[in-house]
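Every chain is numbered from 1 and lettered A, B, ... according to where its sequence line falls, protein lines coming before strand lines.
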Amino acid sequence: MNNEEPLWEVFIRSKQGLDHKHVGSLHAADAQTAIENARDVYTRRMEGVSIWVVESKNIHSSNPDEAASLYDPANDKIYRHPTFYNLPDELKHM
Amino acid sequence: MATEELQKVFDDKIAEEIRIEPKDWMPDDYRKTLIRQISQHAHSEIVGMLPEANWITRAPSLRRKATLLAKVQDEAGHGLYLYSAAETMGITREEMVDQLLSGKAKYSSIFNYPTLTWADIGAIGWLVDGAAIMNQVPLCRASYGPYARAMVRICKEESFHQRQGFEILLTLCKGSKEQKEMAQDALNRWWWPSLMMFGPNDDTSPHTAQSMKWKIKRFSNDELRQKFVDVCNEQADILGITIPDDKLVWNEKRQHYDFGEINWNEFFNVIKGNGPCNKERLAARVSAHENGEWVREAALAYARKKAPKSPSGEFESFRN
C-alpha cells in the first residue's frame, strides 16, 4: 500500500470580492487536514479569507508543447478587439 | 520535436527571461541541478529549525519566545514551499526525506554549529538570515517558475527574521558588560561560518558558471559574499561590537571592504560531516521522522476509512 500522503493544490481568496488564486501545494491525508495545513502554511500573515484544496491528481492541464496549435484559432481574429474598428475621432463615449 | 529543437526553444526562453514551468521541456542537467539545489535549500530550512528551537523554552521574555516560535514556524513553512517546488520536477517528497535522513543530501553547513548562548539566537538572525537573504533575493528571479515563486514568498517573510535577530543583539549590546561580551562572543563564533554560507570561491565552485548561464543564479558566490561583508561592517558599528577579522579594511580603489581568507579546510570538513553538530542534527531529524510514523499512518488510515462514503469528505462543494 502506498504510504505517501496525497498531494493537494492550494487556492486562496485573499479578500472578499477576489478570485481564489493558486498559491502552492502540500501533502495531507485528507481534505480536512489539507485545509488545516494550508491555513498554517499559506495564511500565517492574514493572506486569506477562504481556502480551496484540490487533490493534484484531479487537475488536468494543457500541454505546453501544443500551445502553438491550441491557441492558433485566436491569433488571426483581431476583430474580437475593440481597436480593430475604424471610427472617426469625433465619436465620443464609445 | 527533436531534442535540438526543444533545446533551442528552452535556450530562447532563458535568453528572453521567460520562466520555465513544470511541464515545459528542459535539459536533464537543468532538472538535476535544480532538484539538487531546491531540495538542499529545503533541507536547510528544516534542519535550520533545530539550533534555534534549542532556545525556545529558555527565551528571556514572553515577547522573545513568541517571536522565536513564529520564526521557527516560518522556517518549517519555507521548507514546505521548497519541497513542493522540487516536487514539480518529478522527485517525490519521500525520496527527498530519505536523501536527508540517510545523509546522502547536503544542507547548509552553518546549521552544524551549536547555539551556546542566547546571543547566538541574535547572531543567527542578523548574520545567518542576513546571508540567506543576500542569497535568496536574486533567486526570486530564478529561471524556474515554481522556485522563483517560492523564493518571493520566503523573502517576504524573511526580513522579520533578520530584524528580530539584530534587535536581540542591540538589546544585549546596550545592557551590562557581560551581556555585551556575550554578543561579541556570538559574533566571533558566527562570523566566519556565515561567510562560508555563500559557498566556495568562484574559481573553485563547481556549479556556478552553468547555473549563471541557466539564470538560476544571478550573482556569483564571491560577489554576494562581498556585498554581505560591505553591509555587515556598518551594522556591527551600530551594535558597537567588532567583526573578528584584522584584515577587514575599506579599499578606496575597489569601493569595497577587503577581508581575510576563509578557513576552507573547516568548511569542507563540516560539509563532510565532521562539524560540531552534524551527528546530533541528523539524529534529531531521524528521530522526529521515526516518532512521527504512527501519526502519518493513523492519518492515512482515517482518510481511507472515510473515503468510500463521501469522496469529497465533509466539505461542501464550493458552488453550494
Looking at [X] and [Y], what are the two nearest heavy atoms and their distance?
| X | Y | value |
| --- | --- | --- |
| B:L300 | A:P6 | CD2-CD, 4.3 Å |
| B:A303 | A:D30 | CB-CB, 3.8 Å |
| A:E4 | B:R93 | OE2-N, 3.6 Å |
| A:V41 | B:Y81 | O-OH, 3.0 Å |
| B:K23 | A:S61 | NZ-OG, 2.8 Å |

Practice prompt. Taking only Lys NZ, Arg NE, NH1 and NH2, and the carboxylate oxygens of Asp or Glu, determine whether B:D74 and A:R44 approach each other closer than 4.0 Å.
Written response: yes
Worksheet item: Is the closest basic N to carboxylate O distance between B:E157 and A:R45 below 4.0 Å?
Response: yes
Fill in: Under 4.5 Å from any heavy atom of chain B - which part of A:S56
neither
Discussion item. Need one label for A:E55: side chain, backbone, both or neither, based on atoms under 4.5 Å from any heavy atom in chain B.
Written reply: neither
Worksheet entry | Sidechain-backbone polar pair: B:Y83 side chain, A:L26 backbone, donor-acceptor under 3.5 Å | no
Discussion item. Given 3.5 Å as the limit, does a donor-acceptor pair link the side chain of A:S25 with the main chain of B:S84, or not?
Written reply: no
Worksheet item: chain A: which of B:Q73, B:R296, B:R153, B:E297 shares the most heavy-atom pairs with it under 4.5 Å?
Response: B:R153
Worksheet item: Quick one: CH2 on B:W25 to CG on A:D65, what's the gap to the nearest 0.5 Å?
Response: 10.5 Å
Worksheet item: What distance separates A:E5 CD from B:E94 CD, expressed to the nearest 0.5 Å?
Response: 9.5 Å
Fill in: Heavy-atom pair count under 4.5 Å with chain B, highest-scoring of A:N37, A:D40, A:V23, A:L7
A:V23
How about [atom1] on [X], more than 12 heavy atoms from neighbouring residues, nucleotides or ligands closer than 6.0 Å, or not?
| X | atom1 | result |
| --- | --- | --- |
| A:K77 | NZ | yes |
| A:D72 | CG | yes |
| A:I59 | CD1 | yes |
| A:Y71 | OH | no |
| A:D76 | CG | yes |

Discussion item. Less than 4.5 Å to any heavy atom of chain A: does that hold for the side chain of B:R149, its backbone, both, or neither?
Written reply: neither
